[in-house]
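Read the structure below first, then the notes.
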Amino acid sequence: PPSPLATLTLHHTLHPSMSSPAVDYDALEATTTIEEITEDECDQETLRSLKNDELPSLWLRETGLADQHGDYELRSSTELGWLGHFVKK
């Protein structure tokens, strides 16, 4: 069942025709470290908290605007895929 996880607020709009190939994040999670997902230490801590269901809210911020735990500076579609994976858990 879905966890009573954080409120996810997206401040970016993706065009409906944009899509990515399917990725099996469950399988990748066993061999991928959070440090491999993002080099940013603040984003790493946010991902760890999200993964452990310890994050009350998640805010996607533009580069340079993340200033507190729970803010995430999205830098790639790969990071967006991982965020979605951890939100679903």
Side-chain angles (χ1 to χ4, degrees):
S3 69
L5 187 63
T7 303
L8 175 61
T9 305
L10 297 175
H11 294 278
H12 297 278
T13 304
L14 297 176
H15 190 276
S17 67
M18 293 175 67
S19 64
S20 300
V23 177
D24 186 352
Y25 289 102
D26 288 325
L28 284 175
E29 187 176 356
T31 60
T32 305
T33 66
I34 287 180
E35 290 77 14
E36 291 173 307
I37 296 169
T38 180
E39 295 178 1
D40 184 86
E41 290 181 19
C42 182
D43 287 352
Q44 290 171 0
E45 289 304 314
T46 297
L47 278 180
R48 280 188 194 93
S49 293
L50 185 61
K51 181 179 179 179
N52 296 325
D53 197 20
E54 299 169 345
L55 193 65
S57 65
L58 173 65
W59 291 85
L60 300 184
R61 301 286 189 183
E62 292 182 39
T63 302
L65 297 179
D67 61 357
Q68 61 185 358
H69 185 67
D71 288 354
Y72 196 95
E73 290 185 22
L74 190 60
R75 293 171 182 82
S76 70
S77 60
T78 301
E79 287 185 26
L80 179 61
W82 281 107
L83 279 171
H85 172 71
F86 291 132
V87 166
K88 288 188 314 185
K89 292 193 127 217

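Of all the heavy atoms in Thr38 and Gln44, the pair that sits closest is O-NE2, 2.8 Å. When every heavy atom of Leu80 is checked against every heavy atom of Leu74, the shortest pair comes out as N-CD1, 3.4 Å. Between Thr31 and Glu36, the closest heavy-atom pair is O-OE1, 3.7 Å. Residues Thr46 and Asp71 come closest through the heavy atom pair OG1-O, 3.3 Å. What you find for Gly64 and Glu73 is that their closest heavy atoms are N-OE2, 3.3 Å.
Remark: aromatic rings of Tyr72 and Trp59 are distant, center separation not under 6.0 Å.
Partner Trp82 forms a side-chain contact (heavy atoms from CB on, under 4.5 Å) with one of Leu28, Ile34, Val87 and no other, that one being Leu28.
Looking only at side-chain heavy atoms (C-beta outward), Thr32 and Ile37 come within less than 4.5 Å of each other. The closest side-chain heavy-atom distance from His85 to Val23 is not below 4.5 Å. Side-chain contact between Asp40 and Arg75: present, with at least one pair of heavy atoms (C-beta onward) separated by less than 4.5 Å.
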Quick one: do Glu29 and Lys51 satisfy salt bridge (Lys or Arg N to Asp or Glu O under 4.0 Å)? Show the steps, please. CA-CA 11 Å; Glu29 187 176 356; Lys51 181 179 179 179; 3.6 Å; yes
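Between Arg61 and Asp67 no salt bridge is recorded (no basic side-chain N to carboxylate O distance below 4.0 Å).
For the residue pair His69 and Glu45, no side-chain donor N or O sits within less than 3.5 Å of a side-chain acceptor on the partner.
In this structure, the separation between CG on Asp43 and CD on Glu35 is 12.0 Å, given to the nearest 0.5 Å.
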